[in-house]
Amino acid sequence: MKRKRRSTNINAYSILSVVLVIVIWQSASFFKLVPDFMLPSPLQVVEAFISDFHLLMFHAKITLVEAVMGLVSGVSLGIVAAIFMDHFKNVKDALYPVLVLTQTVPTVAIAPLLTIWFGFGIMPKVVLIVITIFFPVSVAMLNGFSSVDADEIRLLRSMGANQFQIFTQIKLPASLGDFFSALRIAVTYAVIGAVISEWLGGFVGLGVYMTRVRKSYDFDKMFAVIFLISIISLLLVAVVNVIEKYSMPWKRD
Amino acid sequence: MPKLVVEHISKSFEYKKILNDLSFYVDEHEIVSIVGPSGVGKSTLFNIIAGLLDPIQGEVYLDGESILNRPGNVSYMLQKDLLLPYKTVEQNVALPLLLKGCKKKQALIQAGELLKDFGFEMVRKSYPDELSGGMRQRIALLRTYLFSANLILLDEPFSALDTFTKSEIQSWYLKIHRNLGLTTLFITHDIDEAIKLSDRVYVLKGSQVDSFDSIEIDNESKKVDNFLLSAAFLDYKKQIINSLEK
């Protein structure tokens with residue numbers, strides 16, 4: 001059978017367009033169309049990346065730890081909330097509006113508050129990530145749980161299945177697709193959430209590094225860290241894709 | 001003693017009476033069909049027998065014991081094969097055993113043996129999406145059988161299949177029904193199918209009680225070549241259509 005191509009797959013055209021952008025950017029710097037201090041050339045960015053490599057890795061490690069901790073707790077909380085909302089309609093009625101409300105609060109506004117409440121350590125970062133990814137995960141899971149065919153549930157009930165068996169045999173596997181879609185979003189949110197949170201209050205992490213280089217007008221380093229953050233997000237999404245492929249073998253062919 | 005006895009079942013939805021004082025029976029090793037137009041409550045009746053719905057009044061006995069509101073006693077299969085897309089054929093067939101609390105390994109072995117007996121070994125590790133409609137329906141039947149061979153309820157199981165597949169799978173079902181000594185209660189709106197498969201046919205018209213009698217199909221008459229074109233077949237068909245129009 002033919003393998004389905006996912007839209008996130010890398011193909012020749014996408015590589016070509018990226019290369020093209022870099023070539024244009026490099027030549028713009030080369031022909032002095034923009035001054036170096038305003039926009040460093042790609043080569044300068046690479047040089048900055050190499051010279052600051054150890055420092056970048058040190059900060060990246062911290063950001064990554066925060067992101068993963070926030071991701072794990074946010075995703076688990078989101079799933080637990082979805083299970084409760086799926087099982088008890090009252091819980092859903094009570095919780096759903098609150099969930100929507102948390103999404104309307106701008107992250108930038110609550111991050112400083114979290115710093116005041118939880119200090120400059122890892123805690124406010126994790127809390128911020130949990131707040132941002134809780135909603136997409138729980139809504140996607142709830143959607144997945146309720147999209148199960150009612151006849152499938154009836155069939156299992158006719159076979160004498162209890163609620164727990166119906167959950168593990170049908171609802172959980174049926175909502176895996178939704179889960180991974182939500183996880184892909186959550187992963188990118190987690191990295192960005194960690195960076196923003198560090199930016200707005202902290203001593204270590206890529207967000208802190210970013211504010212430092214910005215204040216000293218080291219735009220080559222600024223771009224280096226921006227690319228590093230993108231690369232981290234992309235790698236995490238790739239990890240999710242691989243896990244998805246292996247945990248949903250029925251979608252493989 | 002009959003295998004299944006349904007006594008004076010009534011059911012209504014929002015003041016609309018669907019089933020009214022319905023009684024019938026199925027003997028062991030029989031295939032009994034219930035024929036009727038859509039919306040007369042055939043599926044409601046099945047849900048009651050399967051223990052998924054509560055009737056207003058009446059009783060359902062399986063082997064002399066009441067199975068009202070007690071799911072898990074009879075096997076149940078719908079028009080949709082309802083094979084779970086995220087499980088392999090083998091895991092799908094093993095599902096009823098797992099639900100009964102059987103160990104996973106043991107369940108898979110038993111399912112594997114059943115698939116082998118029926119010559120479906122090559123699709124054991126396939127996912128339902130990779131199979132044809134007829135194949136899926138057969139696998140679903142095996143799953144139904146593995147749940148319980150006691151009484152099998154089939155709710156228009158073949159109506160989504162094309163004519164050729166349908167006739168092939170009907171013969172297949174007759175064969176396994178005989179070989180495994182099953183008892184089947186069959187719902188269909190296809191009169192030809194009912195005559196072809198059943199020992200007796202009940203005609204369900206609506207919520208009236210009168211004339212819920214079965215029409216016996218003589219199994220001897222089925223032995224002639226081209227039974228579906230024979231005069232005997234047409235006689236049965238006329239009889240069923242007449243009682244539907246009465």
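Below, read A as the first sequence line, B as the second, and so on, with proteins coming before strands; counting in each chain starts at 1. Quick note: numbers below take in every heavy atom, side chains included, and nothing from hydrogens, waters or symmetry partners.
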Is there a side-chain contact between [X] and [Y], using heavy atoms and a 4.5 Å cut-off?
X	Y	result
A/L155	B/R143	yes
A/E152	B/K80	no
B/N47	A/R154	yes
A/L156	B/L95	yes
A/K251	B/Y127	no

More than 12 heavy atoms of other residues, nucleotides or ligands under 6.0 Å from [atom1] of [X]: yes or no?
X	atom1	result
A/F84	CZ	no
B/F46	CZ	yes
B/K100	NZ	yes

What is the minimum heavy-atom distance between [X] and [Y], and which atoms define it?
X	Y	value
A/Q169	B/L84	O-CD1, 4.1 Å
A/R157	B/P71	O-CB, 3.2 Å
A/S158	B/Y76	OG-CB, 3.6 Å

Legend entry - Contact class of A/D149 relative to chain B, heavy atoms under 4.5 angstrom: side chain
Inset, instruction - Keeping the roles fixed (side chain from B/Y86, backbone from A/L176), state whether a donor-acceptor pair exists under 3.5 Å. - result: no
Legend entry - Region of B/L78 that comes under 4.5 Å of a non-hydrogen atom in chain A: side chain
Inset, instruction - Could you look at B/L153 and say if it's the side chain, the backbone, both or neither that has a heavy atom under 4.5 Å from chain A? - result: neither
Inset, instruction - Mind ranking B/P85, B/S126, B/A50, B/P128 by heavy-atom pairs under 4.5 Å with chain A and telling me who comes out on top? - result: B/P85
Legend entry - Pick from B/K87, B/R70, B/Q91 with the largest number of heavy-atom pairs that fall under 4.5 Å of chain A: B/K87
Legend entry - Separation between CE of A/M159 and CG of B/N73, rounded to the nearest 0.5 Å: 13.5 Å
